[in-house]
Number of protein chains: 4
Amino acid sequence: MAVEEDRVTARRAQIFQAAAAVFARQGYHNARMDDIVKASGLSKGGLYWYFKSKEELATGLVHQMLTHESEAMQAVLNSEAPAAERLEHLVRAFAHDLTKNPDRASLALELLALARTIPDIRTCFDTHHEHFVERIAALLMEMGGSSARQLDTHAAALAFTSLIDGMMLRWTLAKSPFDLENALWEATEVLVRGVQAPQLR
Amino acid sequence: MAVEEDRVTARRAQIFQAAAAVFARQGYHNARMDDIVKASGLSKGGLYWYFKSKEELATGLVHQMLTHESEAMQAVLNSEAPAAERLEHLVRAFAHDLTKNPDRASLALELLALARTIPDIRTCFDTHHEHFVERIAALLMEMGGSSARQLDTHAAALAFTSLIDGMMLRWTLAKSPFDLENALWEATEVLVRGVQAPQLR
Amino acid sequence: MAVEEDRVTARRAQIFQAAAAVFARQGYHNARMDDIVKASGLSKGGLYWYFKSKEELATGLVHQMLTHESEAMQAVLNSEAPAAERLEHLVRAFAHDLTKNPDRASLALELLALARTIPDIRTCFDTHHEHFVERIAALLMEMGGSSARQLDTHAAALAFTSLIDGMMLRWTLAKSPFDLENALWEATEVLVRGVQAPQLR
Amino acid sequence: MAVEEDRVTARRAQIFQAAAAVFARQGYHNARMDDIVKASGLSKGGLYWYFKSKEELATGLVHQMLTHESEAMQAVLNSEAPAAERLEHLVRAFAHDLTKNPDRASLALELLALARTIPDIRTCFDTHHEHFVERIAALLMEMGGSSARQLDTHAAALAFTSLIDGMMLRWTLAKSPFDLENALWEATEVLVRGVQAPQLR
DNA sequence: AATGAATGAGCATTCATTCAT
DNA sequence: GATGAATGAATGCTCATTCAT
């Protein structure tokens with residue numbers, strides 16, 4: 001039984017990997033099931049055994065990716081380091097990972113656009129984002145927001161996550177590539193400074 | 001002659017409007033040329049008289065939208081008000097506009113995703129973004145960056161534009177809608193504070 | 001009135017020339033009315049003023065070409081020279097003309113194929129061919145067929161015309177071009193010899 | 001494996017037959033893929049599984065027809081009979097076949113016209129014709145050409161093949177049908193007599 | 001479980017023809 | 001007579017999905 005499970009998991013992983021590569025390169029709509037079949041090494045019927053439609057495959061892929069990302073994030077947040085360091089680690093790890101796998105950023109944009117059209121995917125992203133914002137807000141709070149700044153903290157968290165997505169997007173599309181890790185960390189610093197700085201008015 | 005030009009312009013505008021509505025609702029790939037034809041009030045052949053392919057139509061639409069946006073931005077920047085006010089005006093106008101036309105944000109995401117696949121569209125966005133960043137950088141500089149902070153200013157401008165795109169994206173996808181104008185302005189304030197705050201380390 | 005007629009004739013000739021060139025190069029079905037419009041120097045509406053459909057244009061073109069060819073043939077046949085010389089002249093003139101205007105042969109094949117589908121064109125060719133065969137038969141008879149060979153003469157005429165069409169066809173399609181005039185005249189000689197030779201059995 | 005091959009061959013044959021019928025009746029350009037689909041008994045996708053475009057289908061059809069024809073010719077030429085009889089057999093079999101299947105002649109004209117536009121088809125015909133001429137030349141030589149007449153023999157072979165094509169063409173287009181077998185054999189006799197007759201000049 | 005041949009609804013695009021000006 | 005913008009039916013081809021083996 002466990003062996004069964006393993007094979008299923010392995011096959012699905014195999015397919016996810018193929019789909020990720022194909023979607024990243026060609027985009028969801030320009031990707032043919034046959035392309036994914038070819039990339040996966042399975043047969044057409046085989047693929048449809050594990051995913052009953054292209055949409056379900058995309059949805060599953062989003063789910064898997066966001067789960068991974070969430071776990072990776074949690075791992076960093078669970079560390080013993082001071083909040084500021086955890087934040088930096090988070091940012092750098094994220095940027096570093098994308099820099100090494102630029103396709104991931106491309107894929108993310110593709111799937112994000114898909115969220116507009118496919119409700120399940122939208123829900124996935126939505127939930128993920130909410131958790132993300134909460135964790136960041138907590139982190140920022142811990143970093144030195146006085147209780148009087150709670151609102152600011154939450155707003156800053158939203159700003160932070162938006163910043164990340166927006167910069168990833170810019171980075172994937174920009175023809176003249178820039179150093180994502182650096183840019184992202186600089187931006188984060190500015191943001192953090194802004195949160196901790198005394199109110200202007 | 002001028003009349004000719006006018007008709008051509010009018011027709012193209014008419015088609016752009018139809019395409020914008022359809023792309024916003026259904027997405028580029030789920031949009032049928034027939035849908036746009038229907039929405040435009042022209043005939044199929046008529047549409048193809050002005051745009052020789054679906055792709056060219058999308059490209060033209062991106063061009064037109066970015067041109068409009070750039071001009072709107074310039075108009076705000078040309079005002080006599082102090083820099084800080086111009087920035088606020090810019091942010092609020094942008095957010096206000098989207099709030100009144102939520103489809104625009106949706107459309108923007110769609111077209112942004114298209115940029116991955118269609119080179120001409122990518123170029124349009126790229127150029128537009130570069131100009132955008134430059135203008136914002138100039139504005140931030142004017143707002144009080146000492147020359148010693150030039151680098152920060154540019155980084156902050158990049159952060160700012162990323163923030164805008166990212167938040168617009170979040171806003172379109174979020175199921176629980178939030179006040180875009182408020183969130184964006186708060187985030188902007190944090191960012192500005194961060195730029196003007198004394199270096200932390 | 002006569003001036004009117006002249007203009008009409010001139011315009012039609014102008015269009016025929018354009019259509020001939022376009023059909024020769026692209027074939028009837030791959031030719032767009034716009035191509036012919038462009039080649040003719042007229043406007044779309046202008047072309048349709050003189051020919052009310054693509055098919056009518058093709059039909060008119062066939063008619064005009066066959067009329068010309070028939071007249072050219074008649075001119076040669078009307079000469080005072082001995083029959084054998086007239087035949088040679090006929091063959092050489094025909095081949096010479098095609099060699100100088102290879103498009104004509106190509107066009108002929110195209111229109112011949114069209115005859116299968118367009119009844120009017122088929123009728124044109126049919127009538128033309130009948131006359132052609134009759135004239136050739138008369139010529140061959142004059143060249144020395146005894147009355148006892150009348151049947152042979154007619155058969156030979158049919159053979160002769162078939163030979164011409166077939167060789168023209170081969171010539172247009174052959175990738176390694178050959179000397180049409182020479183080949184055709186040699187073949188004619190063989191045929192003539194065969195008609196004049198004593199019955200074998 | 002052999003079963004696989006067989007099915008593929010059978011399907012292709014099935015499609016060729018349908019295409020031949022449809023092209024013969026309507027012509028290549030007036031034939032709709034749907035017509036062929038209907039005639040073949042397959043589905044649209046099924047047809048496209050075996051031929052990836054209309055053009056490829058036509059090309060394949062030409063190839064198949066010429067291969068068959070070449071084999072049929074070879075079969076006749078391989079017989080033990082004297083050369084003259086083999087020639088007669090060849091001519092009569094060819095004509096007889098067409099008379100029983102008039103569509104074949106019609107189809108041949110259609111495909112011949114296609115050769116003007118589709119390079120692969122042109123090449124097929126070209127190669128076929130070359131072989132045809134060579135075989136006929138050899139046959140004529142065997143029939144009694146002295147070595148002094150070698151040139152004439154080749155010319156006569158070219159004349160012969162042209163004659164066949166031309167007469168088939170005439171026969172398909174003629175409204176008043178004639179006896180193809182008879183006409184063709186008579187013409188052949190004249191030609192042969194011409195080759196064997198003493199030089200005139 | 002796995003295969004891949006077969007299905008058929010769906011779609012972008014074309015192009016002969018028309019007609020208001 | 002002439003123009004060319006506008007029409008819309010027509011068509012080759014695609015591709016997600018199915019199902020007999």
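To find a chain, count down the sequence lines: A is the first, B the second, and so on, and within it residues start at 1. Just the heavy atoms: all of them, side chains too, but no hydrogens, waters or symmetry mates, feed the values below.
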Item to complete: Would you check if the side chain of R116(A) reaches a backbone N or O of L107(B) as a donor-acceptor pair within less than 3.5 Å?
Response: no
Worksheet item: Tell me: CZ of F51(B) to C1' of dT14(E), nearest whole Å?
Response: 18 Å
Worksheet item: Starting at CZ of R11(B) and ending at P of dT7(F), how long is that distance when rounded to a whole Å?
Response: 7 Å
Worksheet entry | Candidates dT18(F), dC13(F), dA2(E) - which lies nearest the side chain of K54(D) | dC13(F)
Worksheet item: Should L109(C) and L173(C) count as side-chain neighbours, where that means a heavy-atom distance under 4.5 Å?
Response: yes
Discussion item. If you assign each of A31(B) and G45(D) to its closest nucleotide in DNA chain E, which residue comes earlier from the 5' end?
Written reply: G45(D)
Worksheet, complete the sentence: Taken to the nearest whole Å, OH/Y48(B) to P/dA10(F) is 18 Å
Practice prompt. Please tell me which of the listed nucleotides, dG8(E), dT13(E), dG12(F), lies nearest to the side chain of S43(D)?
Written response: dG8(E)
Response to the item:
By nearest-nucleotide position on DNA chain E, the 5'-leaning member of S53(B) and D34(C) is S53(B)
Worksheet, complete the sentence: Checking dA6(F), dC11(E), dT18(E) against the side chain of R7(B) (C-beta onward), the nearest is dA6(F)
Response to the item:
Scanning all shown strands, the Watson-Crick or wobble mate of dA2(E) with both distances under 3.5 Å is dT21(F)
Worksheet, complete the sentence: Between M33(D) and Y50(C), the residue closer to the 5' end of DNA chain F by nearest nucleotide is Y50(C)
Practice prompt. Spell out, as yes or no, whether a donor-acceptor pair under 3.5 Å connects the side chain of E110(A) to the backbone of A24(A).
Written response: no
Worksheet, complete the sentence: By nearest-nucleotide position on DNA chain F, the 5'-leaning member of G46(B) and H29(D) is G46(B)
Practice prompt. Whole angstrom is fine here: how far is it from CG in L42(D) over to P in dC13(F)?
Written response: 17 Å
Discussion item. Distance check needed: dA6(F) P versus L47(B) CG, whole Å only.
Written reply: 11 Å
Worksheet item: Is any side-chain heavy atom of L57(D) closer than 4.5 Å to a side-chain heavy atom of Y50(D)?
Response: no
Discussion item. Let's test your reading of the model: under 3.5 Å, does the base of dT17(F) pair with the side chain of K44(A) as donor and acceptor?
Written reply: yes
Worksheet item: Hey, would you say the F16(B) and F51(B) ring centroids sit under 6.0 Å apart?
Response: yes
Worksheet item: For R32(C) and dT11(F), what is the distance between atoms CZ and C1' respectively, to the nearest whole Å?
Response: 12 Å
Discussion item. Can you measure E56(C) atom CD to dT17(E) atom P for me and round it to whole angstrom units?
Written reply: 10 Å
Worksheet entry | Donor-acceptor pair present, K52(B) side chain and dT13(E) base, under 3.5 Å | no
Fill in: Atom pair distance, as rounded to whole Å: CD1 in I15(C) and C1' in dG1(F)
12 Å
